[in-house]
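Reading through the structure tokens given below for one structure.
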There are 2 protein chains.
Amino acid sequence: MFSKACEYGIKATIFIAVNSSENRRVSPKEISEEIDSPQAFTAKILQALVRHKVVKSVRGAYGGFEIDKGKIATIKLSQIVFAIDGDQIYKGCGLGLHTCNEKHPCPVHDKFMVVREELRDMLENTTLEQLALDIKSGVAFLKI
Amino acid sequence: MFSKACEYGIKATIFIAVNSSENRRVSPKEISEEIDSPQAFTAKILQALVRHKVVKSVRGAYGGFEIDKGKIATIKLSQIVFAIDGDQIYKGCGLGLHTCNEKHPCPVHDKFMVVREELRDMLENTTLEQLALDIKSGVAFLKI
DNA sequence: CATAAATAGGATAAATTTATCCGAAATAAG
DNA sequence: CTTATTTCGGATAAATTTATCCTATTTATG
Ligand code: FES
Ligand code: FES
């Protein structure tokens, strides 16, 4: 469904949120250990998230990645996915036609739209805060 | 969402169904032209569909691909997807945890399950016949 | 200012997916 | 039986995604 890069990006962002809520910056090393992902690759994905202003990076000694506490409740899962995988997952045709078009639909268009809208709805109505809370309370996990 | 191979496989199967319903066998060349896909790659995907008994192949002169007329109404979209992409799309964790597990869920598990079930439901309740009819009646298209 | 610690980013490699090529095997028809 | 036609399947190549490595740049601190 999502690319590996996107999976890592989502988990990394959640982990950063959990730590930022407790005023701790985290490094790519710490992140990749906690979410069980390749470190250098994860660092690259974090760069993309920084460029898209989903997370903030602080360079130099005592630096690391963080998210403004106040922003955690406003960041939606959709923003993370969009920063990494783009919007093809919402907008693309399920059978790969050049564009998904009501007027020139592929055979699965109507049925596919329902699923895609459900996904879009889910991504746009899930906040980083909700996800981070489940990690903090120990009801959800980021690895294994 | 689906791999290229799966997209080609679905469109190819629909095209074969349309033609089989009119007692015509079709070749990979004809198929790839009608669904706008690379010929040799499409042929490989057709082999997989034959192995999984979704379509039938007839070798030699006047051969080609076909689907038993009576079977067209019984083949579900899920069978095609499963033959090519496997069941990861139903069963895999949305964030790439080793297994999707109610007892050890990732942070998006509950919400992701809803979308995934919607997709499974869609794939298992869409028959090849429905898809082929939309092509025959000209309300849906296999390319562009 | 010097130093150590940390992210940024370019170059490169490995793995996977997508795509091509070609000879082998099968089959209908003459 | 021979020939033409057609799928099968292995080998290979190209493209994309995933992953690693190394140097440059930034920044806090002494
Ligand atoms: S045209 Fe294929 S999903 Fe809309
Ligand atoms: S554990 Fe991640 S989707 Fe179920």
Side-chain angles (χ1 to χ4, degrees), chain A residues 1-13 15-16 19-20 24-33 35-67 81 83-86 88-89 92 95-96, chain B residues 1-13 15-16 19-20 24-33 35-67 81 83-86 88-89 92 95-96:
Chain A
M1 183 84 79
F2 303 121
S3 68
K4 277 286 162 202
C6 196
E7 291 177 3
Y8 298 153
I10 294 170
K11 289 189 280 192
T13 307
F15 181 68
I16 295 169
N19 282 276
S20 289
R24 264 198 312 268
R25 282 182 192 148
V26 287
S27 66
K29 182 166 185 296
E30 199 180 348
I31 295 170
S32 60
E33 276 164 4
I35 73 175
D36 198 21
S37 68
Q39 182 179 331
F41 188 45
T42 307
K44 279 271 186 289
I45 297 160
L46 288 167
Q47 283 180 36
L49 289 168
V50 169
R51 276 195 299 275
H52 282 83
K53 302 196 192 305
V54 174
V55 307
K56 217 169 80 179
S57 72
V58 181
R59 283 178 162 205
Y62 295 83
F65 294 89
E66 63 181 29
I67 303 176
V81 173
I84 303 171
D85 278 355
Q88 195 60 10
I89 203 165
L95 294 188
Chain B
M1 184 84 78
F2 303 121
S3 67
K4 276 285 163 204
C6 197
E7 291 177 1
Y8 298 153
I10 293 170
K11 289 189 280 192
T13 307
F15 181 69
I16 296 168
N19 282 277
S20 288
R24 266 197 312 266
R25 284 182 190 146
V26 286
S27 65
K29 181 166 186 296
E30 200 179 348
I31 295 170
S32 59
E33 276 164 3
I35 72 174
D36 199 21
S37 68
Q39 181 178 334
F41 188 45
T42 307
K44 279 269 186 288
I45 296 159
L46 288 167
Q47 283 179 37
L49 290 168
V50 169
R51 277 196 298 277
H52 282 84
K53 302 196 192 304
V54 174
V55 307
K56 218 168 81 178
S57 70
V58 181
R59 283 177 161 203
Y62 295 83
F65 294 89
E66 63 180 29
I67 303 176
V81 173
I84 302 170
D85 278 355
Q88 196 59 11
I89 202 165
L95 295 187

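So that the names make sense, note that chain A is the first sequence line, chain B the second, and so on, each numbered from 1. Quick note: numbers below take in every heavy atom, side chains included, and nothing from hydrogens, waters or symmetry partners.
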Interatomic distance, [X] [atom1] vs [N] [atom2] [rounded to whole Å]:
{"X": "A:E66", "N": "D:dT27", "atom1": "CD", "atom2": "P", "value": "13 Å"}
{"X": "A:I84", "N": "D:dT17", "atom1": "CD1", "atom2": "P", "value": "14 Å"}
{"X": "A:R59", "N": "D:dT29", "atom1": "CZ", "atom2": "P", "value": "18 Å"}
{"X": "A:Q39", "N": "D:dA19", "atom1": "CD", "atom2": "C1'", "value": "12 Å"}

Checking side-chain polar atoms at under 3.5 Å, does B:T42 have a donor or acceptor matched by the opposite partner on B:S37?
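Yes - a donor-acceptor pair under 3.5 Å links their side chains.
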If you take any heavy atom closer than 4.0 Å to DNA chain D, which residues from residues 41-58 of chain A end up in contact?
A:F41, A:K44
For the side chain of [X], counting heavy atoms from C-beta on, which of [options] is nearest?
{"X": "A:K4", "options": "D:dA19, D:dA28, C:dA28", "answer": "D:dA19"}
{"X": "A:A61", "options": "D:dA4, D:dA28, D:dT26", "answer": "D:dA28"}
{"X": "B:S3", "options": "C:dT7, C:dT18, C:dT27", "answer": "C:dT18"}
{"X": "A:P38", "options": "D:dA19, D:dT18, C:dT7", "answer": "D:dA19"}

Which salt bridge (charged side-chain N to carboxylate O under 4.0 Å, His left out) pairs, counting each pair once, include a residue from residues 40-55 of chain B, with sequence neighbours left out?
none
For A:C6 and A:Y62, take the nucleotide of DNA chain D holding the closest heavy atom to each; which residue's nucleotide lies nearer the 5' end?
A:C6
Side-chain contact, heavy-atom cut-off 4.5 Å: B:I84 with B:I10?
no
Quick one: do A:K29 and A:E33 make a salt bridge, cutoff under 4.0 Å?
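Looking at A:E33 together with A:K29, the answer is yes, because their closest N to O distance falls below 4.0 Å.
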State which residues pass ring pair (Phe, Tyr, Trp, His ring centres under 6.0 Å) with A:F41; sequence neighbours excluded, sorted by chain then number.
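For A:F41 the ring pair (Phe, Tyr, Trp, His ring centres under 6.0 Å) partners, ignoring immediate neighbours, are A:Y8.
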Of A:E30, A:E66, A:R24, the residue whose pairing with A:N19 passes side chain to side chain donor-acceptor pair (under 3.5 Å)
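Of A:E30, A:E66, A:R24, side chain to side chain donor-acceptor pair (under 3.5 Å) with A:N19 is met by A:R24 alone.
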Would you tell me if any nitrogen or oxygen in the side chain of B:Y8 comes within less than 4.0 Å of OP1 or OP2 on C:dT18?
no
